[in-house]
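Predicted, not measured: the structure shown is a model, and the values here were computed from it. Residue numbers start at 1 and run along the sequence shown. All heavy atoms count here, side chains included; hydrogens, waters and symmetry mates do not.
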Amino acid sequence: MNSCVLMAEIINEPQLRYTADNLGVTEMLVQFPNSQKPEDPPATLKVVGWGNLATEIQQNYHQGDRVILVGRLTMNTVAMEGFKEKRAELTVQQIQSVGGSFDTDPLPSATATPSFTETAPRQTPSAPRPPQKDVPTYESAARPAPTPAPSYEPVPQPTNYERTTYPAVKEQEPDPDDIPF
């Protein structure tokens with residue numbers, strides 16, 4: 001199974017276009033650290049989204065956003081002047097917005113919390129919500145009583161095994177006029 005998960009920064013504004021069948025396609029470039037050394041240049045990768053996800057990417061994600069991408073990695077051969085070049089491309093299936101920046105620290109920053117937005121639009125900060133009263137929590141919710149596991153009785157096995165004999169089958173001569181199709 002070909003499945004890749006990548007944390008990257010969008011470096012090109014997502015471009016939405018449509019196929020002849022009116023299917024949305026969004027293309028963008030992302031970059032991500034190529035190694036543990038900060039002096040090494042980041043790697044870049046072309047990312048493509050299709051259908052409703054393409055429209056969502058174009059509307060909700062922009063240059064400079066940090067995202068987690070889940071999708072399929074493919075290698076495409078591009079004919080250049082006198083030679084062929086292979087380029088990697090990620091066909092995105094899910095996208096999540098991530099706050100914070102890329103660090104080489106092994107422990108994640110406490111302020112960098114991912115927010116899952118596979119197909120939901122990004123929320124803008126609004127007025128704080130008033131506290132809700134009498135909202136049940138996981139700890140306070142009544143749990144249903146456990147259901148006992150069903151019991152199964154063993155099926156009795158036959159005690160005598162008789163060999164059944166069948167009459168021999170005679171093979172018939174093929175009909176010379178019968179032509180199989």
Side-chain angles (χ1 to χ4, degrees), residues 1-139 141:
M1 181 176 191
N2 180 353
S3 181
C4 293
V5 179
L6 180 68
M7 185 187 320
E9 179 181 351
I10 301 173
I11 59 173
N12 271 15
E13 194 68 24
Q15 301 295 316
L16 177 65
R17 57 187 174 82
Y18 292 92
T19 65
D21 298 335
N22 205 25
L23 181 66
V25 181
T26 296
E27 294 181 353
M28 63 182 171
L29 280 179
V30 298
Q31 71 179 6
F32 52 94
N34 200 15
S35 71
Q36 294 292 326
K37 300 176 190 172
E39 63 270 3
D40 288 346
T44 59
L45 180 66
K46 180 180 175 183
V47 176
V48 178
W50 291 88
N52 294 335
L53 187 59
T55 307
E56 183 214 333
I57 290 171
Q58 195 270 334
Q59 291 173 350
N60 300 320
Y61 297 94
H62 305 285
Q63 183 175 353
D65 289 351
R66 286 180 170 71
V67 292
I68 294 178
L69 302 162
V70 179
R72 295 183 323 269
L73 188 65
T74 57
M75 295 298 291
N76 296 328
T77 304
V78 179
M80 301 299 273
E81 298 173 14
F83 63 95
K84 293 181 180 178
E85 182 177 303
K86 288 188 177 183
R87 293 188 183 165
E89 180 178 291
L90 184 74
T91 303
V92 69
Q93 296 166 335
Q94 290 181 359
I95 185 169
Q96 300 174 21
S97 182
V98 176
S101 62
F102 292 114
D103 292 330
T104 55
D105 296 337
L107 298 175
S109 170
T111 60
T113 57
S115 62
F116 182 71
T117 57
E118 179 180 354
T119 56
R122 192 181 328 189
Q123 300 292 324
T124 56
S126 60
R129 293 183 186 174
Q132 296 179 349
K133 297 178 183 176
D134 299 328
V135 176
T137 63
Y138 178 74
E139 291 81 18

Measuring from atom OG1 of Thr55 to atom CH2 of Trp50, what distance do you get when rounded to the nearest 0.5 angstrom? 12.5 Å
Drop me the distance from Arg66's CZ to Glu9's CD, to the nearest 0.5 angstrom. 4.0 Å
Closest non-hydrogen contact found for Ala54 with Gly49 is CB-O, 3.2 Å
Could I get the full list of side-chain hydrogen bond (donor to acceptor under 3.5 Å, both in side chains) partners for Asn76, not counting sequence neighbours? Glu89
Going from OG1 on Thr74 to CG on Leu90, what distance comes out if it is rounded to the nearest 0.5 angstrom? 8.0 Å
Partner set under side-chain hydrogen bond (donor to acceptor under 3.5 Å, both in side chains) for Asp40, not counting sequence neighbours: Ser35
In chain order, what residues pass the side-chain contact (heavy atoms from CB on, under 4.5 Å) check against Thr77, with sequence neighbours excluded? Lys84, Lys86
What is the minimum heavy-atom distance between Arg87 and Met80, and which atoms define it? NH2-CE, 3.7 Å
Just jot down the salt bridge (Lys or Arg N to Asp or Glu O under 4.0 Å) partners of Glu39, sequence neighbours excluded, or say none. none
Identified side-chain hydrogen bond (donor to acceptor under 3.5 Å, both in side chains) counterpart of Glu13 within the set Gln58, His62, Gln63: His62
Not counting sequence neighbours, which residues clear side-chain contact (heavy atoms from CB on, under 4.5 Å) with Ile10? List them please. Pro14, Met28, Val30, Tyr61, Asp65, Val67
Gln15: side-chain hydrogen bond (donor to acceptor under 3.5 Å, both in side chains) partners, not counting sequence neighbours: none
Looking at Asn12, I want to see if its CG is surrounded by more than 12 non-hydrogen atoms of other residues, nucleotides or ligands under 6.0 Å. yes
Can you list everything that forms a side-chain hydrogen bond (donor to acceptor under 3.5 Å, both in side chains) with Arg17? Sequence neighbours excluded, please. Glu27
Tell me, which pairs form a salt bridge (charged side-chain N to carboxylate O under 4.0 Å, His left out) where one or both residues lie in residues 71-80, sequence neighbours left out? none
Would you compute the distance between atom CG of Asn34 and atom OG1 of Thr44 and round it to the nearest 0.5 angstrom? 9.5 Å
Residue from Ile57, Leu29, Val92 passing side-chain contact (heavy atoms from CB on, under 4.5 Å) with Val47: Val92
Leu45 CG to Gln31 CD distance, which is reported to the nearest 0.5 Å: 11.5 Å
